[in-house]
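Note sheet for the following structure.
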There are 2 protein chains.
Amino acid sequence: MAKKLPQTNLEQKLRAFEQACRKVGLKLTHQRLEIFRELAVACDHPSAETLYKRLQKRMPTLSLDTVYRTLATFEKHHLITKVETVESQARFEADMDLHHHAICRQCGAITDFNWNSFDAVQLPKEISGWGRIDKKNITLHGICGKCANGGRAK
Amino acid sequence: MAKKLPQTNLEQKLRAFEQACRKVGLKLTHQRLEIFRELAVACDHPSAETLYKRLQKRMPTLSLDTVYRTLATFEKHHLITKVETVESQARFEADMDLHHHAICRQCGAITDFNWNSFDAVQLPKEISGWGRIDKKNITLHGICGKCANGGRAK
DNA sequence: CTAAATGCAAAATTTTTGCAGTCCC
DNA sequence: GGGACTGCAAAAATTTTGCATTTAG
């Protein structure tokens, strides 16, 4: 899930992205393509600022406000997701398949994981009358293995 | 869960809070007591700014930065929780019992709910080796009944 | 061509910090 | 009394906006 994307998956994802943009009338600018690609290959749920820094190397004239504007546009059209965290900076991901997150309270790393049997289970009746529920996400909080080992790889 | 606290519960909570403060050496100032009380009676998971506005009526000299500082202090000592949202402003709650949240993507309302059978279930092995997990929270996203009815009560 | 998107700069929003004075223990 | 806490103001951090220019379709 949080592993690196095989090249073929990436190309597939990019083509799907381009099609989705055309469908909703979003122009396929160089900036948009590169911002999406950078987020699609990232597996660390980067912030706008982090993406900006990574892209600056290849695109020196890119501006931070374009990154913000572009991410907001993508999110509005459900092409990417804003990850819920307790941090001051918003973080994003391009993986739109249903999955869940584990967050390290020390280093802030976010790891994806799947839990199909949970996804399939019915909500308790206490909340089932709340309204229309679109998504059902789990967030785990704790200390990742790396941090537990004093920063050394596990 | 998200209902109003009965008066007795509130008094109990305040006494527990005072004891916890003494134990960790936090001074019991008027500001801290009032900020905690206001958060404890709130059931809408208010932001620092929202709490500040509510408290200003009774405490005209209270400053917003004290609210921020105080909430951060409380959170550090696990007396309150910062709720994970996608919003720009951080939101807080004083209910430290394990529970889950449903968030309305339209009005931003956060509703608490319990799910004991989920709390008891084991994590899938895909993530069980990730590290030390302290908390396991669900967040539901959707449109609450009120918003689905065009803002009128359900 | 033309509406939409970008880059720049400036502003708005949210949160944090330094410091002098105040207050709890 | 002394160190912790608060209020004030100013700054830092994060995000948004107005406008002239550029670009995709």
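Everything numeric here is computed off the predicted structure, so don't read it as measured data. Hydrogens, waters and symmetry mates play no part in the numbers below; they use all other heavy atoms, side chains included.
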Using every non-hydrogen atom in the two residues, find where Ile127(B) and Ile133(B) come nearest and quote the distance to one decimal.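 The pair with the smallest heavy-atom distance is O-CD1, 4.3 Å.
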
Establish, from distance only, whether the side-chain atoms of [X] and [Y] form a donor-acceptor pair under 3.5 Å.
X: Glu84(B); Y: His101(B); answer: no
X: Ser63(A); Y: Thr66(A); answer: yes
X: Glu93(B); Y: His99(B); answer: yes

Would you list the pairs meeting salt bridge (charged side-chain N to carboxylate O under 4.0 Å, His left out) in which at least one residue belongs to residues 69-82 of chain A, sequence neighbours left out?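 Those involving residues 69-82 of chain A are Asp65(A)-Arg69(A).
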
Parallel, tilted or perpendicular: which fits the ring planes of Phe36(B) and Phe17(B), with parallel below 30° and perpendicular above 60°?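 Ring orientation, 0 to 90° scale: parallel.
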
Walk along DNA chain D from 5' to 3' and tell me the first and last nucleotide with an atom closer than 4.0 Å to a non-hydrogen atom of chain B.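 Nucleotide range in contact with chain B: dG2(D) to dA9(D).
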
Determine whether [X] and [Y] make a side-chain contact, defined as any pair of heavy atoms from C-beta on separated by less than 4.5 Å.
X: Arg105(B); Y: Ile143(B); value: yes
X: Cys144(A); Y: Trp130(B); value: yes
X: His100(B); Y: Asn114(B); value: no

Length of the CG-C1' vector between Leu64(A) and dC8(C), whole Å: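 One finds 12 Å between C1' of dC8(C) and CG of Leu64(A), rounded.
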
Residue among Lys53(A), Gln89(A), Glu87(A) satisfying side-chain hydrogen bond (donor to acceptor under 3.5 Å, both in side chains) with Ser47(A):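 The single option meeting the side-chain hydrogen bond (donor to acceptor under 3.5 Å, both in side chains) with Ser47(A) is Gln89(A).
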
May I ask you to say what Ala48(A) touches in the nucleic acid, namely base, sugar-phosphate or nothing, with a heavy-atom cut-off under 4.0 Å?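 Ala48(A): no heavy atom of the nucleic acid under 4.0 Å.
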
Is Thr61(B) touching bases, backbone alone, or none of the nucleic acid, heavy atoms closer than 4.0 Å?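 Answer is sugar-phosphate: Thr61(B) comes under 4.0 Å of backbone atoms only.
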
Specify the residues of residues 65-89 of chain B, ordered by number, for which at least one heavy atom lies under 4.0 angstrom from an atom of DNA chain C.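 Close to the strand are Asp65(B), Tyr68(B), Arg69(B), Ser88(B), Gln89(B).
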
Give each protein N/O atom lying under 3.5 Å from an N/O atom of nucleotides 21-25 of chain C, with the pair distance.
unit_1	atom_1	unit_2	atom_2	d
dC24(C)	O2	Lys27(B)	NZ	3.2
dC25(C)	OP1	Leu28(B)	N	2.9

Which string of ( ) [ ] | and . matches DNA chain C, if you list each base 5' to 3' and count Watson-Crick or G-U pairs only when both distances are under 3.5 Å? |||||||||||||||||||||||||

Between Asp44(A) and Arg91(A) (salt bridge meaning N to carboxylate O under 4.0 Å), is one present in this structure?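 So Asp44(A) does not pair with Arg91(A) through a salt bridge.
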
side-chain contact (heavy atoms from CB on, under 4.5 Å) between Phe118(B) and Lys136(B), worked out: CA-CA 9 Å; Phe118(B) 167 79; Lys136(B) 190 174 68 177; 3.8 Å; yes

Name every donor-acceptor pair, under 3.5 Å, that has one atom in a side chain of residues 21-31 of chain A and the other anywhere in the protein, sequence neighbours excluded.
unit_1	atom_1	unit_2	atom_2	d
Thr29(A)	OG1	Arg32(A)	N	3.1

